[in-house]
Amino acid sequence: VRVYTIGLGSVQGGVVSLDGRQIRTSLDEPTLKEIAKSTDAEYYLATNETDLRKVYENLTTQLVLKTEKTEITFAFTALAALFSMVAGALSIAWFNRLP
């Protein structure tokens, strides 16, 4: 799972206005960068609300869905079990072995 990290504010700390709220921030950029790097993602710095909106706009175009192989042997096993039950029922009906 890729974890895209966003640093909001500045390393020195300060107050950021976001949607009418005042948020006191102080970044730990090395940790955020390491998280992004270890998950093969990217780190973004947003010093204000406008930068944050730009980051979110860019993220939506970068999200990628990967196709992966999925094991489907359970479907063959279920089909084989169904055929076995049908064969057993037909055998009972054919040989009339019900009491």
Side-chain angles (χ1 to χ4, degrees):
V1 176
R2 290 182 179 164
V3 179
Y4 292 88
T5 56
I6 302 171
L8 182 61
S10 67
V11 178
Q12 298 81 16
V15 178
V16 177
S17 177
L18 184 64
D19 287 331
R21 295 182 182 182
Q22 301 292 323
I23 301 171
R24 183 156 198 66
T25 65
S26 178
L27 290 181
D28 183 8
E29 277 192 306
T31 302
L32 293 173
K33 288 179 180 179
E34 185 59 35
I35 291 169
K37 182 181 174 185
S38 66
T39 61
D40 197 27
E42 292 182 35
Y43 164 74
Y44 297 96
L45 176 62
T47 56
N48 55 37
E49 184 177 358
T50 306
D51 291 344
L52 184 61
R53 290 188 191 280
K54 287 179 185 176
V55 168
Y56 280 124
E57 287 172 7
N58 289 335
L59 276 179
T60 58
T61 60
Q62 290 184 4
L63 297 179
V64 177
L65 298 177
K66 292 185 179 180
T67 57
E68 294 182 10
K69 294 182 180 181
T70 303
E71 194 220 357
I72 60 168
T73 57
F74 71 91
F76 293 110
T77 304
L79 186 60
L82 179 65
F83 280 142
S84 295
M85 288 190 291
V86 169
L90 289 175
S91 176
I92 289 171
W94 182 267
F95 293 110
N96 206 11
R97 296 213 176 215
L98 291 177

> Does the side chain of Leu45 reach to within under 4.5 Å of the side chain of Asp51, using non-hydrogen atoms?
Replying inline: no
> Taking side chain as C-beta onward, heavy atoms only, is Tyr4 less than 4.5 Å from Arg2?
Replying inline: yes
> Taking atom CG of Leu82 as the centre, does the number of heavy atoms from other residues, nucleotides or ligands within less than 6.0 Å exceed 12?
Replying inline: yes
> Once you round to the nearest 0.5 Å, how far does OH of Tyr44 lie from NZ of Lys33?
Replying inline: 13.5 Å
>> Please report the interatomic distance CZ(Phe95) to CG(Leu90), rounded to the nearest 0.5 Å.
In response: 11.0 Å
>> So does Leu32 get a backbone contact from the side chain of Thr5, meaning a donor-acceptor N/O pair under 3.5 Å?
In response: yes
>> Under 3.5 Å, is there a donor on one side chain and an acceptor on the other for Tyr43 and Glu34?
In response: no
> Can you hop from Ile35 to Leu59 via hydrophobic side chains spaced under 4.5 Å?
Replying inline: no
>> Taking the basic N atoms (NZ, or NE/NH1/NH2) and the acidic carboxylate oxygens, is any pair closer than 4.0 Å for Glu49 and Arg53?
In response: yes
